[in-house]
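Proteins come first, then strands; the chains are lettered A, B, ... in the order of their sequence lines, and each starts at number 1.
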There are 2 protein chains.
Amino acid sequence: MGTSRASARSVVFAPLDPHSRAETVVRRLTDAITFGLLTDAEQLPSETDLAAQFGVSRVTVREALVALRQQNLVETRRGRGGGSFVRAPTAAADRSLRSRLSELSLPNLRDTADHYAAVAGAAARLAAQRADADDILRIEEVDADVAGPLHRMERAYHLEVAAVAQSARLAREEIRFAGELGTLLWSPILQTADSTYDPHAEHRAITAAIAAGDGDLARRLTEEHIETAVERLVTLHLTLVEP
Amino acid sequence: MGTSRASARSVVFAPLDPHSRAETVVRRLTDAITFGLLTDAEQLPSETDLAAQFGVSRVTVREALVALRQQNLVETRRGRGGGSFVRAPTAAADRSLRSRLSELSLPNLRDTADHYAAVAGAAARLAAQRADADDILRIEEVDADVAGPLHRMERAYHLEVAAVAQSARLAREEIRFAGELGTLLWSPILQTADSTYDPHAEHRAITAAIAAGDGDLARRLTEEHIETAVERLVTLHLTLVEP
DNA sequence: GCGAAAACGTATGGCGTCAGACTTTAAAGG
DNA sequence: CCTTTAAAGTCTGACGCCATACGTTTTCGC
C-alpha cells in the first residue's frame, strides 16, 4: 500500500500549470493560425473583444500580439478599420508545430491522449443515447464539409458530437482538449505519413453508430479513431527526437 | 457549416482558467483532505516543500494555508517539529451532507455523474491493460481494508485503480470528483436505504476483470457500480425535495 | 474637408506572485 | 541548561496581470 499512497500523493502535489496567461493566449492564437482556423489575411477580433473573450485584460492580449508579430504570424494596422491580420506563412506554422511536439514528453502525450479518448468516447456514447434526427443531420453536415482543409473538419466533427451529447461538463472538457492537443492531433503534417488515413470513413462509421443508438460501438470507434491519431503523433515525435 | 465554424471559434477564444494559483492550491489540498488522502492529525509537508512541489512561491502556499485554517481543515504549529496538520471534521461534514444534497440540482447531479463514470470507467479499462501482479495485490488490499469507514475505502479503491492505470490526469480527476461528489456518493446515509448494497462484491468483480485483462468488462462494471450509487442518491434527493 | 468613430498605443495605480533574506518560535540533543 | 536546528512568520523589491483611463492614428459618413 505504501506505493499507492506515494503515487496518490504525487498527484495531489503535482506542479501547477507553469504557463503565464499571456503565454496561453499566444499558444491559443498560434494554434488557431497554424491550424488554419484563422486563414491568411483574415482579421482578428479587436484587442478589446479578444480580451473579453479570453477573460484577460487588454494589456495581456497586447503582450500576446507583440509575440505573434515578432513571429510574423500577424500584422497590425492602426486607426479605424485597423486591427491585427493573419499572416500565415505555412512553413513557419509547420516549424512551430514540430517544435511544440518535440517539447512534449512522450508519457505526458500519452496521458493526455488517454484522457482525451475517455472524454470523447463518453461523449460519443451519450450522443448515441440522446441524439435526435436533427442532431444526426448536423453531425453529418460537419463531416461532409469539404470547403476547408481536412484537419479543420476533424476538430469541428468532434465538437459537434460533444454538443449533441448534451453534457455541459463533457463539452467543456472537449473544448479544453481541442485547445491543448487538437491542433497537434489533427495536424496536416501527420497526414502525409500514412496514406490509409481516411477520417470521413471513420466519422461515417461513428455517426452511423450514434444514429443507430449503439453507444458502445460509437465509443469504441471514437476511441480507436483517436488512438490511431495518437500513434501517428508518437511516430512523428520519435523521428523528431531521435532522427 | 456556420454553426460548426462558430463553435470552433468559441473553442479558440474560450476563456482562460479564471482561478488564481493560490485558489488552485487551496482546491488541491481541500480535495486531498476531504478525500481522506490526508488523514486526521497527519502532517503536511513544510511550506518550503509544498512550494517546491506545487511549483509556486512560499507566499502563495502560505496564502492557501490561511484559507485552510479559516475553514478549520488544518491547524498550524510553529517552531521545530511544527508545521500544518490535518484537522478532519468528520462529524460536522456528515451532518451537512443532506443539506448539500438537497441544494444540488438533479440535472447537475446527473451531469457530474456522467463525467465521473467516464473518468472512472476509463481508469478501470486502462488499469486492466497495464496492471501487473503487484498492482492487483495492492488493489485487493485496499478493498479488504476494514479499518476505516466504508466511504473512505470506496474512494481509496477508485483512486488506487486510477493509480494503477498510470494516468496522472485521470487520477487527479478522481480526486476532484471525490471532493465534489464522493462524500455524497459513498455516504453511509445511503447505505441503510438499500440492503443489497455490497461494495466489496462489486469491487471484487471489477478487480477480477482488471486481473484478467478484460478492460471492457472492468469499465462496464465500474460504470454500473457508479450508476447504482447515483440512483441511490437520486432517490434520496427526491425524498428530500418532495417528502 | 471635417468631425465622429473605431481601432491601436500609452500611462497609472493596485493586487497577485515571485525569489530571497531575515526574524521568531519551539523542540531536540548535547 | 543551552546551543542547534527546523519550522513558521515577516519583510522587500521586482514582475505579471488587472481595470481604467487618456492619447494617437486612420477611415468613414456627412
task = Look up atom CG in L65(A) and atom CD in E47(A), then write down how far apart they are to the nearest 0.5 Å.
result = 5.5 Å

ask   = In terms of ring plane angle, is the pair F177(B) and H115(B) parallel, tilted or perpendicular, where the classes change at 30° and 60°?
value = perpendicular

key: Euclidean distance, S84(A) OG relative to L29(A) CG, rounded to 0.5 Å   = 9.0 Å

request  = Determine the minimum heavy-atom distance between D143(B) and Y157(B), stating which atoms define it.
outcome  = CB-CD1, 3.9 Å

query = Has the side chain of S167(B) got a donor or acceptor atom that lies under 3.5 Å from a matching backbone atom of A163(B)?
reply = no

inquiry  = Has R28(B) got a side-chain atom pairing as donor or acceptor with A14(A)'s backbone, closer than 3.5 angstrom?
reply    = yes

task = Report the distance from atom OG1 of T76(B) to atom CZ of R62(B), rounding to the nearest 0.5 Å.
result = 8.5 Å

Q43(B) side chain to G82(B) backbone, donor-acceptor under 3.5 Å = yes

message = Just the rounded figure in Å: distance from C1' of dT26(D) to CD of E75(A).
response = 15 Å

Distances for protein N/O vs nucleotides 4-6 of chain C N/O pairs under 3.5 angstrom?
unit_1	atom_1	unit_2	atom_2	d
dA5(C)	O4'	R80(A)	NH1	3.4
dA6(C)	N3	R80(A)	N	3.3

query = Separation of L68(A) atom CG from dC8(C) atom C1', in whole Å?
reply = 15 Å

For atom CZ of R77(A) and atom C1' of dA7(C), their distance in whole Å = 12 Å

Below 3.5 Å between N/O atoms, which protein atoms pair up with nucleotides 18-20 of chain C? Just atom names and distances, please.
unit_1	atom_1	unit_2	atom_2	d
dC18(C)	OP1	R21(B)	NE	3.0
dC18(C)	OP2	S57(B)	N	2.9
dC18(C)	OP2	S57(B)	OG	3.0
dC18(C)	OP2	T60(B)	OG1	2.1

ask   = So does S20(B) get a side-chain nitrogen or oxygen closer than 4.0 Å to the phosphate oxygens (OP1/OP2) of dT17(C)?
value = yes

Distance, rounded to the nearest Å, where F85(B) contributes CZ and dA8(D) contributes P = 9 Å

query = dA11(C) C1' sits how many Å from R62(A) CZ, rounded?
reply = 12 Å

task = For D135(B) and D132(B), indicate whether the former's side chain and the latter's backbone hold a donor-acceptor pair under 3.5 Å.
result = yes

message = Measure CD/E47(A) against P/dC17(D) and give the value in whole Å, please.
response = 16 Å

ask   = Within this structure, what is the CZ-to-P distance between F54(A) and dC17(D), rounded to whole angstrom?
value = 14 Å

query = Starting at CZ of R78(B) and ending at P of dT5(D), how long is that distance when rounded to a whole Å?
reply = 20 Å

